[in-house]
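So the structure is just underneath, and the comments pick up after that.
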Protein chains: 2
Amino acid sequence: MPKPVTLKAVAARVGVTPAAASMALKGSPRISEATREAVELAAKELGYVPNAAGRNLRNRHAGAIALVVPNSSVHVFSHQYFMHVLSGMTIPAAAHDAQVIVSTNAETASGDMAYERIIRSQAADGIISTSSSIDDEYIHSLVGTGLPVVLLGNYPDLPDAVTIWIDDTAASRQITEHLIADHGCQRLLHVAGSLDHQTGIDRRQGFLDAAASAGIETADVIEGDMNEESGAAAMRTAIVDGALPYDGIVFANDDMAVGALPVLRDAGIRIPEDVRITGFDDFGVARLTTPDITTIRVPAQEIAGIAAETLFDLIANGRHDNSSQRLPVSTTYRHSCGCTPDNA
Amino acid sequence: MPKPVTLKAVAARVGVTPAAASMALKGSPRISEATREAVELAAKELGYVPNAAGRNLRNRHAGAIALVVPNSSVHVFSHQYFMHVLSGMTIPAAAHDAQVIVSTNAETASGDMAYERIIRSQAADGIISTSSSIDDEYIHSLVGTGLPVVLLGNYPDLPDAVTIWIDDTAASRQITEHLIADHGCQRLLHVAGSLDHQTGIDRRQGFLDAAASAGIETADVIEGDMNEESGAAAMRTAIVDGALPYDGIVFANDDMAVGALPVLRDAGIRIPEDVRITGFDDFGVARLTTPDITTIRVPAQEIAGIAAETLFDLIANGRHDNSSQRLPVSTTYRHSCGCTPDNA
DNA sequence: CTGAAAGCGCTTACAG
DNA sequence: CTGAAAGCGCTTACAG
């Protein structure tokens with residue numbers, strides 16, 4: 001453990017005060033060109049990096065933002081998703097010279113929530129979080145504290161929260177319409193995500209809207225939980241006497257579609273000949289299965305990047321006019337719906 | 001943004017000095033029972049949480065540890081892996097009242113490495129990192145700085161580094177022997193991970209050792225990169241004229257085995273009837289495919305947990321006797337090798 | 001224009 | 001035994 005180099009050490013080497021060295025390092029006009037260069041050289045030679053605690057204490061900020069992962073969402077959102085979010089936060093964080101802290105929203109030994117400690121202790125200047133189940137108090141209490149918070153996702157109950165989101169309902173509607181309008185599907189099934197999560201609700205709603213406005217008679221829903229296994233289970237439920245009474249299935253995410261694949265295959269049901277299927281997310285798997293899966297690309301990394309930028313804005317400018325953003329989504333057409341993409 | 005509650009505010013409410021309040025809160029015997037209770041009550045009422053910067057500056061530590069993700073390993077280790085590592089670090093970190101910082105090892109604008117800034121700025125007290133490619137200077141320079149560092153994995157070139165690892169060579173040897181001894185495989189293929197990563201090298205070595213000591217004549221190796229796609233590619237290479245000249249395939253990880261599945265299936269090659277296959281990792285997918293995949297369970301979360309504990313030791317006690325640990329691994333027998341597990 | 005004090009919040013070593 | 005100063009490293013507002 002090399003002993004840390006302080007500003008004082010840098011200043012001493014040059015023969016100025018720490019205050020002068022500090023100003024020199026940030027290019028203050030009141031420091032002469034010559035001493036500025038001398039200080040910079042000394043700092044470089046000594047490997048000076050400002051002490052975070054000293055700087056944070058003085059500047060009254062943490063130089064860090066936190067990603068708080070709701071316990072209840074660990075099993076609903078994929079590891080892929082969180083890694084995309086994390087990496088999306090990285091570049092804006094680096095640009096603001098801030099660290100990224102990861103925390104769950106567990107209760108601490110002291111009985112308060114981890115995110116509260118993080119903020120109250122000023123270990124982070126703001127928080128990015130994702131939806132938990134809709135009846136979880138967590139998000140409400142998080143937003144209720146008035147701290148700088150940016151949420152990822154759609155929060156109809158929190159109109160004042162700053163949220164970066166995609167229109168799950170519209171996207172789900174769009175991909176369902178593709179099945180109906182472009183492929184002539186008439187007997188539809190939706191394998192939903194947990195319906196106590198907004199994402200599950202919205203994607204189901206889009207499916208139902210599309211079916212209703214096209215006058216589709218068969219538009220069933222089986223509730224899953226976004227995990228691969230539940231996609232498989234849904235298929236076992238849906239297959240009656242070895243046959244599937246649907247010609248199109250809209251899965252609420254790719255993982256469930258992937259889980260469905262072997263079950264359909266084992267039942268001798270071909271994709272897309274016997275049933276056309278679509279997924280949602282496009283975090284990686286959908287591209288790699290056979291057939292590859294037509295899906296909605298959720299730009300998780302971009303969402304998180306914009307969320308981080310927005311959070312830094314919020315932190316810098318205080319509570320300001322709601323700057324929620326809804327990002328466009330696009331469908332990626334692959335073979336599972338019966339399309340024959342160019343690049344295939 | 002509620003204005004933070006300081007110790008001074010707590011002290012003022014009780015009518016003692018901040019110093020006394022500080023001692024009261026940590027149960028110093030020199031504070032009377034009565035005032036201790038009064039201070040605790042006031043702290044609770046005001047929602048006092050110690051300011052991290054103030055405490056860190058005074059205590060000369062960061063109250064945080066960092067997971068540094070080498071750029072070069074993002075594509076070799078899975079998102080699953082990193083999320084397991086992150087969650088493994090969570091509990092020890094909370095127990096030590098420390099934050100978990102996530103960083104890549106990118107270069108900063110100032111030209112030094114991110115991990116150096118983190119340590120030199122004392123934003124983290126120590127680092128946990130995973131292997132990058134073996135010719136990457138990164139790990140060497142990280143360890144060379146003498147900072148508290150715990151590495152995840154096997155580092156034959158760094159005998160003095162503190163590492164928490166599993167014996168990839170032994171595990172790979174063991175699962176290969178299972179194919180040979182228990183299932184009578186004679187014509188073996190290993191689909192390796194990148195051979196510029198130690199993990200790839202060790203898992204290949206275990207395979208070769210097992211084959212050699214059993215006197216197996218066919219023990220081929222195709223190099224992949226741990227991604228699903230490269231498993232599929234390896235199968236396309238291995239299948240000659242529609243047939244596979246192997247009766248057993250040892251994949252260096254589950255993802256590549258998963259990628260191989262559809263290619264084998266499309267070629268009409270049955271598992272395990274025509275070829276027995278095994279994976280490595282057991283982070284989730286291997287359990288869910290059809291057939292499910294016999295694999296080595298890598299306890300990534302436990303590894304990271306122990307790494308974090310070890311790191312806190314290292315931080316507290318300074319550089320001390322190497323406390324590297326090698327964890328045992330276990331094979332999970334499923335259907336892809338021809339076993340018929342009880343729970344299936 | 002520039003030198004050097006003051007103070008962010010905390011905790012411990014010191015003085016009484 | 002206890003009160004209150006000193007100081008961690010930094011930066012800006014102030015005094016000269």
Side-chain angles (χ1 to χ4, degrees), chain A residues 1-36 38-39 42-43 46-64 97-98 117-125, chain B residues 1-36 38-39 42-43 46-64 97-98 117-125:
Chain A
M1 296 161 297
K3 62 281 151 243
V5 178
T6 65
L7 234 205
K8 202 167 126 193
V10 174
R13 165 176 277 237
V14 180
V16 297
T17 63
S22 172
M23 292 185 276
L25 251 16
K26 48 178 41 185
S28 158
R30 62 175 269 194
I31 302 296
S32 80
E33 185 74 2
T35 72
R36 208 204 70 230
V39 170
L46 296 173
Y48 171 71
V49 177
N51 172 280
R55 171 180 280 192
N56 292 346
L57 183 56
R58 167 70 221 211
N59 291 342
R60 317 174 126 286
H61 77 330
D97 199 20
R117 298 223 118 212
I118 290 179
I119 292 288
R120 305 194 83 102
S121 72
Q122 292 157 88
D125 300 311
Chain B
M1 298 160 295
K3 64 279 150 245
V5 178
T6 65
L7 234 205
K8 202 167 127 195
V10 174
R13 166 177 274 237
V14 180
V16 297
T17 64
S22 172
M23 292 184 275
L25 251 16
K26 49 178 41 185
S28 158
R30 62 174 271 192
I31 302 296
S32 78
E33 185 73 2
T35 72
R36 209 204 69 231
V39 171
L46 296 173
Y48 170 71
V49 176
N51 172 281
R55 170 180 280 193
N56 293 345
L57 184 56
R58 168 70 222 210
N59 292 341
R60 318 176 121 284
H61 78 331
D97 200 19
R117 297 223 118 213
I118 289 180
I119 292 287
R120 306 194 84 103
S121 72
Q122 292 157 87
D125 299 311

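Below, chains carry the letters A, B, ... as their sequence lines are ordered, and counting in each starts from 1. In what follows, every heavy atom counts, from backbone to side chain, and hydrogens, waters and symmetry copies are set aside.
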Supply the atom-to-atom distance Met23(B) CE to Thr17(B) OG1, rounded to the nearest 0.5 angstrom.
6.0 Å
Working to the nearest 0.5 angstrom, can you tell me the gap between Asn56(A) CG and Gln122(A) CD?
9.5 Å
Do the charged groups of Arg60(A) and Asp125(A) touch, with an N to O distance under 4.0 Å?
no
Looking only at heavy atoms, which two atoms of Ala43(B) and Leu25(B) are closest? And how far apart?
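Heavy-atom minimum between the residues: CB-CD1, 4.2 Å.
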With B for base contact, S for sugar-phosphate-only contact and - for none (protein heavy atoms under 4.0 Å), nucleotides 9-16 of chain D reads BBBBBB--
For atom P, what is the distance between dG16(D) and dG7(C), given to the nearest Å?
15 Å
Would you say Asp97(B) and Arg55(B) make side-chain contact, with heavy atoms under 4.5 Å?
yes
Rounded to whole angstroms, how far apart are CZ on Arg36(B) and C1' on dC1(D)?
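Those two atoms, CZ and C1', are 18 Å apart.
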Nucleotide opposite dC14(C) in a Watson-Crick or G-U pair, distances under 3.5 Å
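For dC14(C), the partner nucleotide comes out as dG3(D), under the 3.5 Å rule.
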